[in-house]
Amino acid sequence: MAGFRDFLLRFRPVGPPGRPAPGGVPADRSAELSAELEPPLTLLEQAEAAARTVREEAARTADATRRAAERQAAEIVARARARANDVRAESADRVRRAAETEAAELLASTERATAVLRRRADARLPALLDRVSALVAEELGDVGTAELPTSDGHGTAGGGP
């Protein structure tokens, strides 16, 4: 169905007012419009084709960049895995050295403490031995009739010779 505008266009004069034109042909507005719009539409199609080319090139560049980044990431991971054993060995060596140093310091501290205790024991031992001897002599003096062993292995009665 034709629109109202198309209906009204039927009544428009073909040419300018005035003397009738010889064998006038009605104006073809659709041809005029298509002739008017053809250059911009051609430019638009060219712009669309250029944009499509740019998008395709950008997609190819993005894919290449992504593949390069994946390769680089894989190389970094491979280097890190290869270096991991060295890092573990270095860390273990560092910990072992620290433990050895700590053990040596602990041993030296223990040896110093042991030497102090030995000196203290050596200083106290004579007094303790005298005290024990006195207690034993006192106890033996109370017994009186007990036979004491002598240095020749024979005993004597009591505390006398």
Side-chain angles (χ1 to χ4, degrees), residues 1-139 149:
M1 173 180 249
F4 184 69
R5 181 180 168 102
D6 292 332
F7 177 76
L8 289 178
L9 284 176
R10 280 196 246 163
F11 298 108
R12 290 183 75 168
V14 174
R19 201 177 87 195
V25 178
D28 187 7
R29 292 289 180 197
S30 63
E32 288 177 10
L33 287 175
S34 64
E36 183 180 330
L37 292 177
E38 188 173 327
L41 291 176
T42 303
L43 291 173
L44 182 60
E45 288 174 358
Q46 291 172 352
E48 286 177 344
R52 188 174 28 259
T53 304
V54 167
R55 281 192 304 270
E56 290 169 355
E57 181 62 31
R60 282 192 297 273
T61 303
D63 287 340
T65 303
R66 188 178 309 110
R67 284 191 301 272
E70 288 171 354
R71 278 193 306 273
Q72 184 180 10
E75 290 172 1
I76 290 170
V77 168
R79 282 194 308 263
R81 286 185 178 149
R83 177 121 168 76
N85 290 333
D86 294 339
V87 170
R88 283 188 199 109
E90 289 172 8
S91 296
D93 189 42
R94 202 172 26 246
V95 168
R96 184 183 46 77
R97 282 194 309 263
E100 287 174 352
T101 302
E102 184 179 348
E105 290 172 359
L106 185 60
L107 181 62
S109 173
T110 304
E111 287 175 354
R112 286 191 300 272
T114 302
V116 168
L117 286 176
R118 284 184 198 271
R119 284 194 300 273
R120 190 180 305 162
D122 288 345
R124 291 182 180 177
L125 191 60
L128 287 175
L129 288 176
D130 289 341
R131 186 171 171 199
V132 169
S133 296
L135 289 173
V136 168
E138 183 182 314
E139 191 67 32

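The first residue of the sequence shown is numbered 1, and numbering continues consecutively from there.
- Considering only heavy atoms from C-beta on, Arg124 comes within 4.5 Å of Arg120 through its side chain.
- Annotation for Asn85 and Arg88: closest pair OD1-NH1, 2.9 Å, computed over non-hydrogen atoms.
- Ion pair Glu70/Arg67 not flagged as a salt bridge, since none of the NZ, NE, NH1 or NH2 atoms sits closer than 4.0 Å to an Asp/Glu carboxylate oxygen.
- Interatomic distance, Ile76 CD1 to Gln72 CD, rounded to the nearest 0.5 Å: 4.5 Å.
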### Message
Evaluate Asp122 against Arg118 for salt bridge (Lys or Arg N to Asp or Glu O under 4.0 Å), listing each step before the verdict.
### Response
CA-CA 6 Å; Asp122 288 345; Arg118 284 184 198 271; over 6 Å; no
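- Using a distance-only test at 3.5 Å, with no hydrogens or angles considered, a donor-acceptor pair links the side chain of Thr110 to the main chain of Leu106.
- Between the CD atom in Glu48 and the CG atom in Leu44 there is a gap of 4.5 Å [rounded to 0.5 Å].
- Separation of atoms CG (Asp86) and CG (Asp93) is listed at 12.0 Å; rounding is to 0.5 Å.
- More than 12 heavy atoms of other residues, nucleotides or ligands lie within 6.0 Å of CZ in Arg60, so this atom counts as buried by the packing criterion.
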### Query
What's the verdict on salt bridge (Lys or Arg N to Asp or Glu O under 4.0 Å) for Glu100 and Arg97, showing C-alpha distance, side-chain angles and the deciding distance?
CA-CA 5 Å; Glu100 287 174 352; Arg97 282 194 309 263; over 6 Å; no
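- Between Arg94 and Glu90 there is no salt bridge, since no side-chain nitrogen of the basic residue lies less than 4.0 Å from a carboxylate oxygen of the acidic one.
- The residues Asp63 and Arg66 are annotated as salt-bridged, a charged nitrogen and a carboxylate oxygen being separated by less than 4.0 angstrom.
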